[in-house]
Amino acid sequence: MKAMDLFQKRMETYHDEFRWLYMELYENDSMFAELCDTMYRFYLERSDALKQMDLDREKDPNWYKRNDMLGMMFYIDNFAENMKGVETKLDYIEQCNVNYIHLMPFLETPKDRSDGGYAVSDFRKVQPKLGSMEDLERLTDACHKKGICVCMDFVMNHTSEDHAWAKKAREKDGEYMSRYFFFENSYLPSLYEHTVPQVFPTTAPGNFTYLSDIDHFVMTTFYPYQWDLNYKNPRVFNEMMYHFLYLANRGIDIVRLDAVPYIWKEINTSCRNLPQVHTIVRLMRIIGEIVCPSVLLLGEVVMEPEKVTPYFGTVEKPECHMLYNVTTMATTWHTVATRDARLLKRQLDVVNSLPKEYVFLNYLRCHDDIGWGLDYAFLKENGMEERPHKQYLNDYFQGYAGASVSRGELYNADPVTGDARFCGTTASMCGMEKAGSEKDDAAMERAVRLDLMLHAYMFLQSGIPVLYSGDEIGALNDYSYKEYPEKAADSRYLHRGAMRWDLAEKRKDITSVEGKLFQGLCLLENIRKTEKAFMSDADTWTIETWEPAVLCMGRYYDGEKIIGLFNFSEQEKTAWIRETDGSYSDLISGDAVDPVDVLVPAYGFYYLKKK
C-alpha cells in the first residue's frame, strides 16, 4: 500500500472523533488542519524499519502483553556513561532477560536546575554528556535488532525556564507568555492556591513563582525553574505533539507521559485529573495510532487506583496502553514493615477485578521516592491511624523501629503535617547494607531471601515487571551524593548511584551475594516467560491464608494453574489454604507440595503448579 493510502486509511478510521475532540478543546479549524498536515510530514519521515514495525504490531496489537516482557530502568550516565556505552551493554541487558529498557530523562536540561532531567530546555536535543540524537537513533536501532524496546520520559506539564519559549516569555513577548500561566499580580494565583495542593511543600512551597525582573507571577507546580505549560493554547498542544512524533521517529517504542494528571489547569479546582486531561491523552493516542501505531503510551499517575484506572480510557476509546501500579508498590513495603498482607490482598483484589485489557507496570523500586499513599480508611479499621503509621513506616525503613534491618533516608519531610517520603534501594531496604556492614552472614542470607521473595511476588502480579538497574545484583544506597552541592539537598540521589560493574562481574558466582540474586532472578524470569499462566490476560485472584504474614495469589490460563505463596515475616508461617483440586509441584525446587496447610519458610515463597 502506498504511503499516502496507508496514512489516509488510518486517518479516516479516526478522523471524526479526532476532529470532534480537538474542536471541543480549541474550536480552531486552521490549527487542526496544520496538525493533520504536520502529522503526514512526520509519517513520511518515519524510517522504513519503523514503518515495518508499525505494520507488524498493528497485526498483533497485544504484542506487549506477553509473559516474556520484562523491563529495566536506568540513568544513562549511571549505567554506562553515555548512549554509546549503553549500546556496548546490550548483551548484559539480554543476560538479565530484559527486553524493554527505560532510559531515564536524557533531553537537554540546565546543569544545576534539572530536577533529575525533568526540566527540559530543548525537546530535540540530547544532553551533550550523554550523546546526540544520532546516537539515540543508533541505540534504538541496535535495541530493535535484539528485540529490545526503548522507553523515554516525555515531560508534558512544563518546560525549563531556560527553554526558548520561556526565554521569550520572560522578555514579555505576549505570544510566548500565553504558552504559560502568567499573572500581573498575586490575586488570581492566591485563588488557585486555595484549591491546588502543593507537590513539594518543604523544598518548593506553593504553586507560583514571582519573577522580580518582569514583575509577574508564573505557575510552577513542581519547582520554580519548571514553568507549567498552558494547554488551553492550541499552539502548545500542537507543538508538543510535534515533539512527541519527532522522538517517536528516533525509534522510541514507549513514551512515558510524565505528571500527566497535572496538564490542564482550571481555577477553583485541584488542577488534577480534570476531564480535559483525558481528552488530551485520547488525542495523543489517536495521533500515535495514525502516524506511529507501534508506539505505546505509558502514563505516570501517582495516585490511588480509582484515580489511576480512568487513564486507560475505555475499551472502545482507549487512552494509555499501560500505567504504573504505584499504590501496590507502596503497600508492598508497608507489608514488609508490618508483616501484615491484609491491605495488600485487598488492593490486589481491586487490580484483579479490572478488565484484562488493562496492563500495569509493577515495580519494587524506581528512581523516585516512596510516598505512603495508602488506604488509611481500611488501616484505621485495623487500628492504624494515618499520621502515626506514616511515622512508623519512615522510622522502620530508616532502621529505627519494628526490629528493622532497613537503611535509607527521608525526602521532603514536613514537620507540620508529619508527612515524609522515603529513599533507599531494594537491597538496602531488605537489610543487605546492614548485614554487610556488620559482616553478619546469617542476616545477609535472610536479606537475600526477602529480596528474592519480593521479586517473586512482583513477577506473579498481573502486568509487566520492571527492575530498577542495580537491583539484579543487590545495589546498596550510595551516600556519595552528599559530596556534590547540586545533589546534596535531594536525598533521592541515595538510590541513584552509579552501576557497580565490578560487582556485576560476580553475577555468575553463586556463592556471592550478587550471584545469588542474579541467578535467583534469572530462574524466576525464565519460569515467568515459559509458563502460560503468567500471560497478562490470565485470570488472577488472591486466596485467604488465615495468616496475616502470608500472601497467596493464583493465576490460571488455558488450562494451567499456578499458586504463589509469599511469607512477609522473618519467621516461618503456615498458610491455612485448602486447594484440593489435584496435585501440585513447586516450580523452584521441583518438589511435590500439597497445597493444604502449607508451612512457608521465613521470607520464603512457593510457585506451585497444578500437575
Trainee: Any chance the rings of His367 and Tyr468 have centres within less than 6.0 Å?
Mentor: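 No, too far apart.
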Trainee: Do Asp451 and Val448 have side-chain heavy atoms sitting under 4.5 Å apart?
Mentor: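 Answer no - side chains too far apart.
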Trainee: Which class fits the ring pair Tyr92 and Trp501: parallel under 30°, tilted 30 to 60°, perpendicular over 60°?
Mentor: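 Answer is perpendicular, since the angle exceeds 60°.
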Trainee: Judged by modelled atom types alone, do Asp539 and Tyr557 share a side-chain donor-acceptor pair under 3.5 Å?
Mentor: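 Side chains of Asp539 and Tyr557: no pair found under 3.5 Å.
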Trainee: Quick check on Asp60: does its CG atom have over 12 non-hydrogen neighbours (other residues, nucleotides or ligands) under 6.0 Å away?
Mentor: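 Yes.
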Trainee: Does any part of the side chain of Leu50, heavy atoms only, come nearer than 4.5 Å to the side chain of Ser47, both counted from C-beta?
Mentor: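 Side chain of Ser47 against side chain of Leu50, heavy atoms only: contact under 4.5 Å found.
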Trainee: Between Phe422 and Trp333, does the ring centroid distance fall short of 6.0 Å?
Mentor: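 Ring centres of Trp333 and Phe422 not closer than 6.0 Å.
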Trainee: Between Ser404 (side chain) and Tyr396 (backbone), is there a donor-acceptor pair under 3.5 Å?
Mentor: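 Yes.
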Trainee: Does the side chain to side chain donor-acceptor pair (under 3.5 Å) test come out yes or no for His102 and Arg256, once each step is laid out?
Mentor: CA-CA 9 Å; His102 176 179; Arg256 176 186 177 274; 4.7 Å; no
Trainee: Given the rule in the salt bridge (charged side-chain N to carboxylate O under 4.0 Å, His left out) test, do Asp253 and Arg57 qualify, once you have shown the distances and angles that lead to the verdict?
Mentor: CA-CA 11 Å; Asp253 301 274; Arg57 291 178 179 173; 3.0 Å; yes
Trainee: Please find out if less than 6.0 Å separates the ring center of Phe605 from that of Phe459.
Mentor: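 Distance test on ring centres: not under 6.0 Å, no.
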Trainee: Ignoring hydrogens and geometry beyond distance, is a side-chain donor-acceptor pair present between Thr332 and Tyr457 at under 3.5 Å?
Mentor: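 Per modelled atom types, Thr332 and Tyr457 side chains form a pair under 3.5 Å.
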Trainee: Do we get Lys487 above Tyr484's six-membered ring, with its NZ or CZ under 6.0 Å from the centre and within 45° of the axis?
Mentor: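 Output yes; distance and angle both within limits.
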Trainee: Taking atom types as modelled, find out whether Gln95 and Arg507 have a side-chain donor-acceptor pair closer than 3.5 angstrom.
Mentor: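 Yes - a donor-acceptor pair under 3.5 Å links their side chains.
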Trainee: Using a 4.5 Å cut-off on heavy atoms from C-beta on, say whether the side chain of Met83 contacts that of Ile76.
Mentor: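 In short, these two side chains touch, coming nearer than 4.5 Å.
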Trainee: Any side-chain donor-acceptor pair under 3.5 Å between Glu409 and Ser491?
Mentor: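 No.
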Trainee: Are the charged groups of Asp91 and Lys89 less than 4.0 angstrom apart, N to O?
Mentor: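 No, this pair does not count.
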Trainee: Going by atom types only, do Asp471 and His455 share a side-chain donor-acceptor pair under 3.5 Å?
Mentor: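 Side-chain D/A pair, Asp471 to His455: absent.
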Trainee: Is the charged tip of Arg250 near the ring of Tyr246: under 6.0 Å from the six-membered ring centre and within 45° of its axis?
Mentor: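 Ring-cation test returns yes.
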Trainee: Is there side-chain contact between Phe518 and Val513, with heavy atoms separated by less than 4.5 Å?
Mentor: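 No - every pair of side-chain heavy atoms lies 4.5 Å or more apart.
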Trainee: Is a donor on one side and an acceptor on the other found under 3.5 Å between the side chain of Glu472 and the backbone of Gly470?
Mentor: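 Indeed, once roles are kept as given, a pair shorter than 3.5 Å links the two residues.
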Trainee: Look at the aromatic rings of Trp372 and Phe397 and report parallel, tilted or perpendicular, splitting at 30° and 60°.
Mentor: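 Because their plane-to-plane angle is under 30°, the rings of Trp372 and Phe397 count as parallel.
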Trainee: Okay, side chain of Asn477, backbone of Thr425: is any donor-acceptor separation there less than 3.5 Å?
Mentor: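 Side chain of Asn477 to backbone of Thr425, a donor-acceptor pair under 3.5 Å: yes, one is there.
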Trainee: Is there a side chain to side chain contact (heavy atoms under 4.5 Å, CB included) between Gln226 and Ser160 once you walk through the steps?
Mentor: CA-CA 5 Å; Gln226 293 167 308; Ser160 161; over 6 Å; no
Trainee: Would you check if there is a donor-acceptor pair between the side chains of Gln52 and Asp56 at a distance under 3.5 Å?
Mentor: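 Present: a donor and an acceptor within the cut-off.
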Trainee: In a check of ring pair (Phe, Tyr, Trp, His ring centres under 6.0 Å) between Phe360 and each of Phe312, Tyr311, Tyr324, which one passes?
Mentor: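 Running ring pair (Phe, Tyr, Trp, His ring centres under 6.0 Å) over Phe312, Tyr311, Tyr324 with Phe360 returns exactly one hit, Phe312.
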Trainee: Checking side chain to side chain contact (heavy atoms under 4.5 Å, CB included) for the pair Asp122/Leu107: CA distance, chi angles, key distance, verdict?
Mentor: CA-CA 7 Å; Asp122 194 324; Leu107 296 177; over 6 Å; no
Trainee: Given Arg528 and Asn67, is the side chain to side chain donor-acceptor pair (under 3.5 Å) satisfied, shown in steps?
Mentor: CA-CA 6 Å; Arg528 184 176 181 274; Asn67 54 327; over 6 Å; no
Trainee: Would you mind telling me which of Pro601, Cys552, Ser589 makes a side-chain contact (heavy atoms from CB on, under 4.5 Å) with Tyr606?
Mentor: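 Checked Pro601, Cys552, Ser589 against Tyr606; only one passes side-chain contact (heavy atoms from CB on, under 4.5 Å): Pro601.
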Trainee: Evaluate the side chain to side chain donor-acceptor pair (under 3.5 Å) criterion for residues Ser536 and Tyr64: first the C-alpha distance (whole Å), next the side-chain angles of each, then the deciding distance (0.1 Å), finally the verdict.
Mentor: CA-CA 9 Å; Ser536 285; Tyr64 60 98; over 6 Å; no
Trainee: Here's a test for you: under salt bridge (Lys or Arg N to Asp or Glu O under 4.0 Å), which of Arg446, Arg449, Arg339 qualifies with Glu570?
Mentor: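 Exactly one pass, corresponding to Arg339.
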Trainee: Inspect the surroundings of NZ in Lys146 and state if more than 12 heavy atoms from other residues, nucleotides or ligands are less than 6.0 Å away.
Mentor: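 Buried by this count: over 12 neighbours within 6.0 Å.
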Trainee: Salt bridge or not for Arg138 and Asp135, using N-O below 4.0 Å?
Mentor: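 Yes, Arg138 and Asp135 are salt-bridged.
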Trainee: Yes or no on side chain to side chain donor-acceptor pair (under 3.5 Å) for His495 and Asp478, after CA distance, side-chain angles and deciding distance?
Mentor: CA-CA 6 Å; His495 52 259; Asp478 184 350; over 6 Å; no
Trainee: So Val550 and Phe566, do their side chains get closer than 4.5 Å, heavy atoms only?
Mentor: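 Side-chain contact under 4.5 Å: no.
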